[in-house]
Amino acid sequence: MKFWALLILGAVSPFLFVSTLSSTSAFVFLFLTTCVVLFAPAVRVYCVLPIFFLITTLAINDRLERQLPLSLSKSAHEITGVIGSLPEYREDFVRFIFLPDEASAPIPPRIRVYRYKDKGGSEVPPLHFRAGERWRLQLELRSPRGRVNFHGVDTERSNFANGIGALAYIQDGPNVRLAGPAWHNLEHWRESVLDRLNEVAGDVPALRLLVALAIADRRGLLASDRTVLSATGTGHLLAISGLHIGLAAAMGFYLGRACLLLLTAGLKRRFAVVLPWLVAWVAALSYSALSGFGVSTQRALIMLTVATVVMLSRRNVQPMLSWMIAMALVLILDPFAPLRAGFWFSFVAVAVLIMLFAPRHGRMPVWRRMLLAQLGISLVMAPLGMYWFQQASLPGLLANIVAIPLISTVTVPLILVSLVLLWVPGPLAAWLLTIAGHSAHWLFALLEQMSGFQPLMFTSTRVPGLLSTLLAMLGGAILLLPRGFPARYSGLLLMVPLAFPVGQSLESTETRIDLLDIGQGLSVMLSTRDYLVIYDTGPGNGEVGEAGWNMVAGTTLPMIRATGMKPDLVVASHGDLDHAGGLQGLQAAYPDSRYLASLPEVRDGIQPCRSPAAWEGGSMRFEVLHPSRGLPYLGNDSSCVISIDNGRHSALLTGDIGEAVESRLVETIGQHDFMTVPHHGSTSSSSPSFLRAVNPVSYTHLTLPTMLAQC
């Protein structure tokens, strides 16, 4: 067990550092460590940690070297390769993973490709992509950068973990389909199953949920589906994991037992153990392949493989040792698995189940086992959910107690049987999928009702520190120890730090200004100890619900949640969608906040932004300098210009005003320490006279995101 523990620690620890050793240094240390292994057998086992630390370091450096460098961003290339994922068609674009035939510098081995439609909503020229096809594409490559914010979705980390070395946009030109998919291409088979599911069960209720459970294709899930799953803590039910692989294995096991009936008595004795376990493993492998071999699927398949080997070898292996072997093998197969939340959620959940049931002997009613399992997982995983997603689920315990039996005894078994029968003539597959669809539909309706019991305080929690998260998880584990364990309730003390914010809070006279990285647009967050203002909401299409998109959920909300407050004031400088596209999204999230905007029409719940309004909030004084009352709406030139002063420093928020408005403000504007450059620094704004009048000390040093003032 010591060997596997040191291997895991060595493989994970490189990700705790902000930089890595150079590849040359890593090779030198790896050679020296290997020499120690050869000539000092007494310390051989302890060399496992540095060896796998160095191996992972080399893997990280190799992946970094395969990424497209910034100097070659926007370079054009003609690349031949294979479509390596299910193409995702959206309203205005299609995207997929592209695997070049020859991946040599500067062409990375995996590229995420986008094909955008024109303003009329159609492609020019029209192209239709299928998984596994070979294409020659005209691509403009971009480095795989993501938006850089202090909190929220880390796209760059996700791209790195998944081996995405470049982003690319298909350009007009000779984009040619060279060949269809090869018969052995896994993604082609997954897409074939998807086509067959749509053909056989196109009218089945909740087909999108069945597709997610059948082939791990979650592209069709609605935004409301994800909200319900998050609020009820049931997202794992649609991520093919140990539960689903275990069901496939169980069905395969009993199928193998049934096959024994066809054998003679002598063969039955010889294969009584081997055949059921082998059929179970093949069934699990097949289902894992259909799901694309995700991290949770890998873990479940590897653990099943270990169990199969143990059973066939007639050896007794402790459950925790099997858990460690599975984790070590996952890390060997995919060194970048620790960068994904699913890796930690998957293995922590299994560890909790082992801790709960491995030491306990004797019979326990099924309902009690389920209750204990869900209570343990909910208690230990809640801090982890807060750390990764700033969320915890209050109704999750009850929701899982209801959902897991239905999914495991009705929905998934019917799907697994129907997958076998999809190409068999007759209506049987359609009937089974219809029953499964109705079960998923009614379950989701129940989960939607349960999601209404999720308190807002659990929907948006603070971002805990790593140490407080680990202490809280340890405290939860101590609370789950058997009765009679001394000081068991001391685990509650270890969970207390989770309630405190990370880092030093602002003093009463301090103001923090964050410019959020939201792409083409503007969003500024100003915060004091007890007052929070959002100026502009970033890009979006101005709609909410399934038809809406904006930067609120992925960028603005995580930044707001990190403060532990809700916005006291939200300002939209004007109606352009790169400034006000997320306004309705914030209104939906924080309906009780005050909203101020300069818009072409009056909206419910939004006050007009007009000079000479002024007010105080926290330690800040706000004054609207433009537009004046009575002026018509003039688009950019009607931007709400606000001056902010906290008594020590001042800032000017300018929206998209042009030189005409700047010339009017020059005479009265006064000096400000910080300023957002009008209209993103375009040639129609930021006149020399305006800059001289404002005389900001930091307008030339703005970076995104940056804390402009903490003073």
Is the number of heavy atoms from other residues, nucleotides or ligands within 6.0 Å of CZ (R219) greater than 12? yes
Check C47 against V37 and note the closest heavy-atom contact, atom names and distance. CB-CG2, 3.5 Å
Considering all heavy atoms of both residues, which atom of N61 and which atom of L21 are nearest to each other, and what is their separation? ND2-O, 2.8 Å
Should the heavy atoms of other residues, nucleotides or ligands under 6.0 Å from CD of E448 be counted, would the total exceed 12? no
Using modelled atom types and a 3.5 Å cut-off, is there a donor and acceptor pairing between side-chain atoms of W323 and backbone atoms of V348? no
Is it true that a side-chain atom of S346 and a backbone atom of F343 form a donor plus acceptor pair closer than 3.5 Å? no
Heavy-atom pair of closest approach, residues S322 and V306: OG-CG1, 3.9 Å
List for me each residue that meets salt bridge (charged side-chain N to carboxylate O under 4.0 Å, His left out) alongside R110, sequence neighbours excluded, and say none if there are none. none
Residue set satisfying side-chain hydrogen bond (donor to acceptor under 3.5 Å, both in side chains) with S378, at least two apart, ordered chain then number -> none
Going by salt bridge (charged side-chain N to carboxylate O under 4.0 Å, His left out), name the residues that satisfy it together with R112, two or more places apart in sequence or in a different chain. none
Taking H438 for its side chain and I435 for its backbone only, find out whether a donor-acceptor pair lies under 3.5 Å. no
Please report the C-alpha distance between T409 and L247 in whole Å, then the side-chain angles of each, then the deciding distance to 0.1 Å, and finally whether the side chain to side chain contact (heavy atoms under 4.5 Å, CB included) criterion is met. CA-CA 9 Å; T409 60; L247 289 172; over 6 Å; no
List for me each residue that meets side-chain hydrogen bond (donor to acceptor under 3.5 Å, both in side chains) alongside T33, sequence neighbours excluded, and say none if there are none. none
Are more than 12 heavy atoms, taken from residues, nucleotides or ligands other than W423, located less than 6.0 Å from that residue's CH2 atom? yes
Looking only at atom types and distance, does a side-chain atom of R488 sit under 3.5 Å from a main-chain N or O of L481, one as donor and one as acceptor? yes
Hey, what do you get for CD1 (I302) to CD1 (I332), rounding to the nearest 0.5 Å? 9.0 Å
Interatomic distance, CG@L213 vs OG@S291, rounded to 0.5 Å, equals 11.5 Å
T234: side-chain hydrogen bond (donor to acceptor under 3.5 Å, both in side chains) partners, not counting sequence neighbours: T232
Give every residue pair that meets the salt bridge (charged side-chain N to carboxylate O under 4.0 Å, His left out) criterion with at least one member in residues 43-62, sequence neighbours excluded. D62-R66
Mind checking what makes side-chain hydrogen bond (donor to acceptor under 3.5 Å, both in side chains) contact with S13, not counting sequence neighbours? none
Nearest heavy-atom contact between W281 and L304 is CA-CD2, 4.1 Å
Closest non-hydrogen atoms of R218 and A239, given as atom of the first, atom of the second and distance, are NH1-CB, 3.7 Å
Throw together a table of side-chain donor-acceptor distances under 3.5 angstrom for residues 48-59, partners on residues two or more places apart or in other chains.
{"residue": "T56", "atom": "OG1", "partner": "F52", "partner atom": "O", "Å": "2.9"}
{"residue": "T57", "atom": "OG1", "partner": "F53", "partner atom": "O", "Å": "2.8"}

One should read off an interatomic distance between N400 CG and L371 CG, to the nearest 0.5 angstrom, of 11.5 Å
N/O donor-acceptor pair under 3.5 Å between H441 side chain and L207 backbone: no
Could you tell me if T297 and S288 have a donor-acceptor pair between their side chains, going purely by distance under 3.5 Å? no
Starting at CG of L353, measure out to CG of L372 and round the result to the nearest 0.5 Å. 9.0 Å
Between Q374 and I404, is there a side-chain heavy-atom distance shorter than 4.5 Å? yes
Could you measure the distance from the CD1 atom of I60 to the OG atom of S19? Nearest 0.5 Å is fine. 10.5 Å
Measuring only between side-chain heavy atoms, which start at C-beta, is M473 closer than 4.5 Å to T469? yes
Is the CZ atom of F29 crowded by more than 12 outside heavy atoms at less than 6.0 Å? no
Give every residue pair that meets the salt bridge (charged side-chain N to carboxylate O under 4.0 Å, His left out) criterion with at least one member in residues 331-355, sequence neighbours excluded. D334-R340
Run through L494, L493, L492 and flag the one making a side-chain contact (heavy atoms from CB on, under 4.5 Å) with I478. L494
Has the side chain of S158 got a donor or acceptor atom that lies under 3.5 Å from a matching backbone atom of T155? no
Could you check if a side-chain atom of I164 sits within less than 4.5 angstrom of a side-chain atom of I97, using non-hydrogen atoms only? yes
Gap separating the CG atom of L229 from the CZ atom of R226, nearest 0.5 angstrom: 8.5 Å
I want to check something: taking the side chain as every heavy atom from C-beta on, are V380 and M355 in contact at a cut-off of under 4.5 Å? no
So which atom in K268 and which in L260 form the shortest heavy-atom distance, rounded to 0.1 Å? CE-O, 2.9 Å
Give me each pair satisfying ring pair (Phe, Tyr, Trp, His ring centres under 6.0 Å) with a member in residues 253-280, each pair once, sequence neighbours excluded. F253-W277
Just list the side-chain donor-acceptor pairs under 3.5 Å for residues 412-421, sequence neighbours left out, or say none.
{"residue": "S418", "atom": "OG", "partner": "L414", "partner atom": "O", "Å": "3.1"}
{"residue": "S418", "atom": "OG", "partner": "I415", "partner atom": "O", "Å": "2.7"}

Sorted by chain and residue number, the salt bridge (charged side-chain N to carboxylate O under 4.0 Å, His left out) partners of R157 (sequence neighbours excluded) come out as none
Quick one: does any side-chain atom of S230 pair with a main-chain N or O of T227 as donor and acceptor, under 3.5 Å? no
Please determine whether the number of non-hydrogen atoms from other residues, nucleotides or ligands lying under 6.0 Å from atom CH2 of W388 exceeds 12. yes
